[in-house]
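In what follows, a structure is listed as structure tokens, so that the remarks can point back to it.
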Amino acid sequence: MNTVAPPAPAGLPATAGPPAPPAPAGLRTRYCGLVGIEDVGKQVHVCGWVARRREHGEHLAFLDVRDHTGVVQCVVDGASALRPEYVVRVTGTVRRRPEGTANDQLATGDVEIGDCVVETLNESEPPPFVLGSPGQVDEAVRLRYRYIDLRTERMQANLRLRAVVNAAIRRSMDRQGFLELETPLLWTPTPEGAREFAVPSRHQRGAFYVLPQSPQIAKQLAMVGGIDRYYQIARCMRDEDLRADRQFEFTQLDLEASFVGERDVRAFVSDAVAEATESATGERPSEFPEMTWSEAIDRYGSDNPDLRFAMELVDVTAVLAATQFTAFRAPAVKAIVLPGGAELGRARLDALVERARGLGAKGLVWMRAVQGEAGSGAEGALDLASPVAKFLAADERAGIAARTGARLGDLVLLVADAHRTACEVLGQIRLDLGRPPVDEGPRRFVWIVDFPLFDGTDDDGRPQAAHHPFTMPHPDDLELFATDPLAVRAQSYDLVLNGWELGSGSIRIHRADIQRKVFAALGIDEHEAQARFGFLLGAFRYGAPPHGGFAFGIDRLVALLAGEENIREVIAFPKTQSGSDLMTGAPGELSARQLRELGIRFLEP
RNA sequence: GGACCUGUGGUGCAGCUCGGAGUGCACGCCGGCCUGUCAAGCCGGAGGUCGCGGGUUCAAAUCCCGUCAGGUCCGCCA
């Protein structure tokens with residue numbers, strides 16, 4: 001019995017995409033989607049689900065039989081007893097389709113299986129929705145019957161793509177000498193960061209495990225333990241509110257390495273991501289450029305910039321240094337240009353102003369690039385028309401136009417505020433106005449580096465850790481702790497793809513003196529440090545090597561590679577935004593006995 | 001914790017502004033016809049707590065209040 005691997009898609013190396021299925025065994029000798037011209041004349045057995053039935057009287061019917069590889073047409077003498085989603089085994093002879101009846105929409109469209117004997121292996125009730133029907137099926141219905149939804153081409157492709165990505169990541173990690181290590185799912189509470197899922201202990205009444213929000217501390221302990229290079233495709237749990245790109249539980253590539261610096265870690269991760277991308281798409285990303293955090297904020301108003309489109313932020317503060325217009329007398333004035341946006345109507349513009357206010361700006365100024373009118377000071381040249389134009393001098397308007405490069409018919413949007421606010425508000429509006437759909441455009445990876453160690457201050461004026469308190473400060477910035485802690489850079493870095501944060505990492509602090517410095521800046525005293533991180537600090541007393549690592553979300557990477565807006569589309573059994581599993585009904589109640597054993601009684605709300 | 005959108009036979013929608021009999025469309029389902037279809041076609045049929053509760057009204061899918069579920073976002077995610 002000879003099997004035929006699926007042909008590689010045109011232009012892609014044969015390594016891309018899911019691996020060829022193994023040789024058929026058991027009840028079948030061929031996969032539905034792989035029956036081809038080379039099988040003509042052979043008797044085959046295929047197994048699968050009835051996708052469609054087209055009857056033409058008592059003695060002719062076409063049966064589309066589907067398995068995970070695709071669909072093949074079977075010609076049957078009478079099919080009235082067969083219904084969609086019946087499980088069948090078809091025995092017949094492969095033949096070329098009669099002249100003029102080939103279907104070029106179908107991979108197997110040149111052939112069909114004739115003289116079929118159909119064995120019904122199982123019947124099916126009519127499915128709650130038609131597979132492959134035009135128009136979307138409500139996602140709640142799909143999730144309630146996920147086991148049926150998984151049969152769709154979309155879910156099959158996404159989940160197989162996910163497996164391809166996982167395999168590529170393992171390949172890369174293995175090649176780079178990383179050891180796959182499993183860390184506990186039952187961990188100890190660490191009262192900081194994301195809210196944790198709690199698991200009551202039966203043996204120790206009143207004590208709890210928590211499900212790890214990440215294997216962060218465990219992998220650092222592995223470094224102390226001489227593992228050298230660790231990785232894990234790790235499930236992480238965070239009891240925080242859900243979003244299109246966030247589930248309670250998610251999967252990340254978690255890695256950590258000893259005796260390495262930032263660039264080494266980024267190289268490890270870049271290789272894994274490149275390997276995964278190449279395996280999924282056939283194209284290996286050629287570059288993983290680096291951009292500093294401050295440049296990303298300045299040019300894109302975001303620390304996860306989408307580089308697929310321009311519309312970069314322009315700083316016009318200098319142009320307006322001496323302006324009489326009080327709204328523009330701010331620490332920073334930033335602008336973006338919407339090409340052709342001058343035709344936007346007043347309602348749209350008002351909505352943009354509202355949007356900016358909703359994002360925390362004091363306001364938003366819009367200016368249309370027009371032909372200068374007589375008496376405007378810009379006769380015949382490009383001028384900016386706006387309700388506030390009269391408050392600006394002609395040279396200020398000209399300066400804005402020149403600095404932003406606005407052309408006739410464009411719309412200039414300006415926000416004046418604190419630098420960070422102005423950037424972030426316009427950065428969001430840039431996305432609102434210009435962001436391409438997720439499945440469009442090139443894949444633009446970018447490393448964001450030189451994050452600040454602290455991100456703002458809390459109510460007491462204490463700096464807040466931007467990442468986590470074990471992040472190593474930049475060696476050149478240690479003196480700034482005393483003078484300007486908010487200016488201290490961290491040896492931390494994020495990997496961003498098309499505006500999605502894939503993950504983040506850092507070099508960790510392995511020396512007690514630097515750790516004390518950071519704890520002091522954060523207002524964590526010795527007692528609190530011991531209470532919260534005692535076992536980690538204890539381990540660090542016994543020879544912690546310099547180390548650093550990274551973690552990136554596999555759900556997000558796969559979603560982007562699959563062109564999906566929502567990570568639920570690449571997760572077999574996801575939960576809804578309120579955390580329910582519509583299929584199982586989870587979360588559910590425990591029996592009285594289970595509660596008794598755990599010593600749990602409920603308080604009235 | 002908050003904002004917005006959605007909820008109508010099994011599925012997807014229209015109907016809702018301006019209240020008047022569960023009205024309509026497509027798919028699916030059931031039965032019949034049909035020998036080259038492939039979202040097969042034609043004919044016939046069944047199928048409804050208009051998410052749920054309350055209110056206004058002579059009368060509510062439609063207006064009002066509440067609530068539940070799903071989605072997107074803000075907060076949150078060191």
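All chains are named by letter (A, B, ...) in the order of the sequence lines, taking the proteins before the strands, and each is independently numbered beginning at 1. All values derive from a computational prediction rather than experimental measurement.
- The distance from atom CZ of A/Arg355 to atom P of B/rA3 is 17 Å, rounded to the nearest whole Å.
- A/Ala466 comes within 4.0 angstrom of sugar-phosphate atoms only, judged by non-hydrogen atoms across all strands, and of no base.
- Sorted by first and then second residue, the salt bridge (charged side-chain N to carboxylate O under 4.0 Å, His left out) pairs involving residues 424-435 of chain A (not counting sequence neighbours) are A/Asp306-A/Arg435, A/Arg355-A/Asp432, A/Arg420-A/Glu424.
- Among the atoms of the strands shown, none is found under 4.0 Å from any heavy atom of A/Pro127.
- Stacking annotation: A/Phe129 is not stacked on the base of B/rU11 (requires ring centroids less than 5.5 angstrom apart and an interplanar angle below 30 degrees).
- At B/rA40, one or more side-chain N or O atoms of A/Arg54 fall inside 4.0 Å of OP1 or OP2 (strictly under the cut-off).
- The shortest distance between the side-chain N/O atoms of A/Arg83 and the OP1/OP2 oxygens of B/rC30 is below 4.0 Å.
- Listed by first and then second residue, the salt bridge (charged side-chain N to carboxylate O under 4.0 Å, His left out) pairs involving residues 490-510 of chain A are A/Glu256-A/Arg508 (not counting sequence neighbours).
- Between A/Ser580 and the phosphate of B/rA69, there is no side-chain N or O to OP1/OP2 separation shorter than 4.0 Å.
- When rounded to the nearest whole Å, the span between CD of A/Glu139 and P of B/rU11 equals 15 Å.
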Contacts under 3.5 Å, N or O only, protein and nucleotides 75-77 of chain B:
{"residue": "B/rG75", "atom": "N7", "partner": "A/Arg243", "partner atom": "NH2", "Å": "2.7"}
{"residue": "B/rG75", "atom": "O6", "partner": "A/Arg243", "partner atom": "NH1", "Å": "2.9"}
{"residue": "B/rG75", "atom": "O6", "partner": "A/Arg243", "partner atom": "NH2", "Å": "3.0"}
{"residue": "B/rG75", "atom": "N1", "partner": "A/Asp241", "partner atom": "OD2", "Å": "2.7"}
{"residue": "B/rG75", "atom": "N2", "partner": "A/Asp241", "partner atom": "OD2", "Å": "3.4"}
{"residue": "B/rC76", "atom": "O2'", "partner": "A/Glu240", "partner atom": "OE1", "Å": "2.5"}
{"residue": "B/rC76", "atom": "O2", "partner": "A/Arg246", "partner atom": "NH2", "Å": "3.0"}
{"residue": "B/rC76", "atom": "N3", "partner": "A/Arg246", "partner atom": "NH1", "Å": "3.2"}
{"residue": "B/rC76", "atom": "N3", "partner": "A/Arg246", "partner atom": "NH2", "Å": "2.8"}
{"residue": "B/rC76", "atom": "N4", "partner": "A/Arg246", "partner atom": "NH1", "Å": "3.2"}
{"residue": "B/rC77", "atom": "O2'", "partner": "A/Arg238", "partner atom": "NH1", "Å": "3.4"}
{"residue": "B/rC77", "atom": "O2", "partner": "A/Arg246", "partner atom": "NH1", "Å": "3.3"}
{"residue": "B/rC77", "atom": "N3", "partner": "A/Arg246", "partner atom": "NH1", "Å": "3.2"}

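- Neither OP1 nor OP2 of B/rC38 sits under 4.0 Å from any side-chain N or O of A/Thr101.
- For A/Gln530, the CD atom sits in a packed shell: over 12 heavy atoms of surrounding residues, nucleotides or ligands are nearer than 6.0 Å.
- Checking B/rG12, B/rC73, B/rG70 against the side-chain heavy atoms of A/Val137 singles out B/rG12 as nearest.
- Rounded to whole angstrom, the span from the CG atom of A/Asp149 across to the P atom of B/rG12 amounts to 12 Å.
- Residue A/Arg489 holds its CZ atom at 9.5 Å from CD of A/Gln491, rounded to the nearest 0.5 Å.
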In residues 511-520 of chain A, what donor-acceptor pairs under 3.5 Å come from side-chain atoms, sequence neighbours left out?
{"residue": "A/Arg511", "atom": "NE", "partner": "A/Asp513", "partner atom": "OD1", "Å": "3.2"}
{"residue": "A/Arg511", "atom": "NH2", "partner": "A/Asp513", "partner atom": "OD2", "Å": "2.9"}
{"residue": "A/Gln515", "atom": "NE2", "partner": "A/Pro469", "partner atom": "O", "Å": "2.9"}

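- In this structure, the CG atom of A/Asp138 is 14 Å from the P atom of B/rG10, given to the nearest Å.
- Under 4.0 angstrom from either OP1 or OP2 of B/rA39 there lies no side-chain N or O belonging to A/Arg53.
- The interatomic distance linking A/Tyr145 (OH) with B/rG70 (P) rounds to 15 Å, in whole Å.
- Looking at A/Glu58, its side chain has no donor and acceptor atom pair within 3.5 Å of the base of B/rU35.
- The gap from the C1' atom of B/rC77 to that of B/rA14 amounts to 40 Å, rounded to the nearest Å.
- Put simply, the side chain of A/Arg52 and the base of B/rU37 share no donor and acceptor less than 3.5 Å apart.
- Taking A/Ser578 as the reference, A/Thr576 meet the side chain to side chain donor-acceptor pair (under 3.5 Å) condition, with sequence neighbours excluded.
- Rounded to whole Å, atom P of B/rU6 lies 18 Å from atom CD of A/Gln136.
- For B/rU72, one of the phosphate oxygens OP1 or OP2 lies less than 4.0 angstrom from a side-chain nitrogen or oxygen of A/Asn566.
- With sequence neighbours excluded, no residue satisfies ring pair (Phe, Tyr, Trp, His ring centres under 6.0 Å) with A/Tyr86.
- As rounded to whole Å, 12 Å separates atom C1' of B/rG10 from atom CZ of A/Arg144.
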Next item on the list: Take A/Leu185 and A/Met237 through the test side-chain contact (heavy atoms from CB on, under 4.5 Å) and record every step on the way to the result.
Entry: CA-CA 9 Å; A/Leu185 286 181; A/Met237 292 74 157; 4.3 Å; yes

